[in-house]
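For clarity, every value in this text was computed on a predicted model and none was experimentally measured. Hydrogens, waters and symmetry mates are skipped; everything else that's a heavy atom, side chains included, is used.
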Amino acid sequence: MSFSGDIKEELLCVSGNSRHCQLAELAAYVRFCGRPAEGGNGEKSLRLQTENKIVARKCFTLLKKTFKIYVDVTARSSSVSNGNITYLLRIDEHPMRAKVAEALKLTGEENEDGVSPILLKNSCCKRAFLRGAYLAAGSMSDPYKGYHLEIVCQKPQLAQQIQKLLQDFELDAKTVLRKKYYVVYIKEGENIADFLNIIEAHKALMEFENTRIYKGVRNMVNRKVNCDAANINKTVTAAARQVEDIEYIRRVHGLDKLPEHLREMAYVRLENPEVPLGELGKLLDPPVGKSGVNHRLRKLGEFAKSLRS
């Protein structure tokens, strides 16, 4: 199972203890998975349809907890959906359907494309609603490959509402239009960690944080290795250039004609072409520091340049 699927599997067992939190989460499923239906006698029904078995199980559990009703769950395979199984929960009985619609504030036209703010007054209810929204229409990339979490909405009003709720929790959420859907997404690792904490996916949060730590250490090691490799290449290149300059001086001018301190430096470098500057200084008599070695080699390089011109 993917990391995103693991999160949803964990959230199946997470549910608010208060009725108002259960209603907020159930409202998310109704908005994302709800489908209008009408019987032959003109009676309307409340129908929830999803291809996610976890969502179907969660809806069944919440309806049982919140309204004390048992809903028949029908599973069917459709050729339209490439043989995927679709789960259908349907409430036909008028008194119960009306009770559910009233509790979830589904009767007002102003809530047609969003969830009533009345259901989201408390912070705990906002968390529950976001949990339901992720279960119903959310996904997350493998954190080893990158950080991206999104919730896909069919209506812009619902996307705006979710983005606003995420921003209430100080998360940097953005919305983009992808084909005919409105996608609310988070890309920064710390914000995704906060989101997992908000929806109470604590096991997934720990795994996500472990991945972030692993990637952080790996990146730090890679940077250190790359830095060391670059320094080694730089040192080797500089040493090769120094030897080349000294060899040119010997051919064109002669090393014995150099001042004593430069002549000694030239012979020591030729005899030790791969030794770093600090170690070269210890081979001189008397020894000199790294800056002194660098100064003498620079003088040799400038002299070689003057001879070439």
Working to the nearest 0.5 Å, report the span between CD of Q157 and CD1 of I162.
12.0 Å
If hydrophobic clusters are built by linking Ile, Leu, Val, Met, Phe, Trp and Tyr wherever their side-chain heavy atoms come under 4.5 Å apart, do L130 and Y182 end up in the same one?
no
Would you call the rings of Y214 and Y144 parallel, tilted or perpendicular, where under 30° means parallel and over 60° means perpendicular?
perpendicular
For atom CG of N231, is the number of surrounding heavy atoms from other residues, nucleotides or ligands below 6.0 Å larger than 12?
yes
Side-chain heavy atoms nearer than 4.5 Å, only ILVMFWY residues, links allowed to pass through others: does that put I213 and V221 together?
yes
With hydrophobic residues grouped by side-chain heavy-atom distances under 4.5 Å, do V55 and Y181 end up in a single group?
no
Rounded to the nearest 0.5 Å, the CD atom of Q22 sits from the NZ atom of K58 at a distance of 9.5 Å
Quick check: is Y248 connected to L270 through a chain of hydrophobic side chains (ILVMFWY, heavy atoms under 4.5 Å apart)?
yes
Do the side chains of E279 and K282 get close enough for a salt bridge, i.e. N-O under 4.0 angstrom?
yes
Could you state the interatomic distance from CG (N272) to CG (L280), rounded to the nearest 0.5 Å?
6.0 Å
Can you tell me how far CG of L89 sits from SG of C33, rounded to the nearest 0.5 angstrom?
9.5 Å
Candidate list I246, V288, L300, L258, test side-chain contact (heavy atoms from CB on, under 4.5 Å), partner M265, passing option
L300
Counting heavy atoms not belonging to K215, are there more than 12 under 6.0 Å from its NZ?
yes
Test of understanding: with ring-ring contact (aromatic ring centres under 6.0 Å, His included), list the residues that count as partners of F208, not counting sequence neighbours.
Y147
Tightest non-hydrogen contact, residues L62 and S15, listed as CD2-OG, 3.6 Å
Salt bridge flag under 4.0 Å for residues E247 and R250
yes
Please lay out, stage by stage, how R308 and D245 fare under the test salt bridge (Lys or Arg N to Asp or Glu O under 4.0 Å).
CA-CA 10 Å; R308 291 186 177 99; D245 288 340; 3.1 Å; yes
Between CG of N294 and CD of Q242, what distance do you get to the nearest 0.5 Å?
7.5 Å
Does the cation-pi check pass for K8 over Y134, that is, NZ or CZ under 6.0 Å from the six-membered ring centre and within 45° of its axis?
yes
Output yes when E25 and K65 qualify as a salt bridge under the 4.0 Å nitrogen-oxygen rule, no when they do not.
no
Identify whether the distance between the nearest side-chain nitrogen and carboxylate oxygen of R127 and E200 falls below 4.0 Å.
no
Just wondering, do K187 and K174 contact through their side chains at under 4.5 Å, heavy atoms?
no
From C21 atom SG to L120 atom CG, the distance as rounded to the nearest 0.5 Å
10.5 Å
Answer with yes or no whether the hydrophobic clustering places I54 together with L11; edges join I, L, V, M, F, W, Y residues whose side-chain heavy atoms lie under 4.5 Å apart.
yes
Would R212 and E209 satisfy salt bridge (Lys or Arg N to Asp or Glu O under 4.0 Å), going step by step from the backbone distance to the final call?
CA-CA 5 Å; R212 290 181 68 201; E209 290 289 41; 3.0 Å; yes
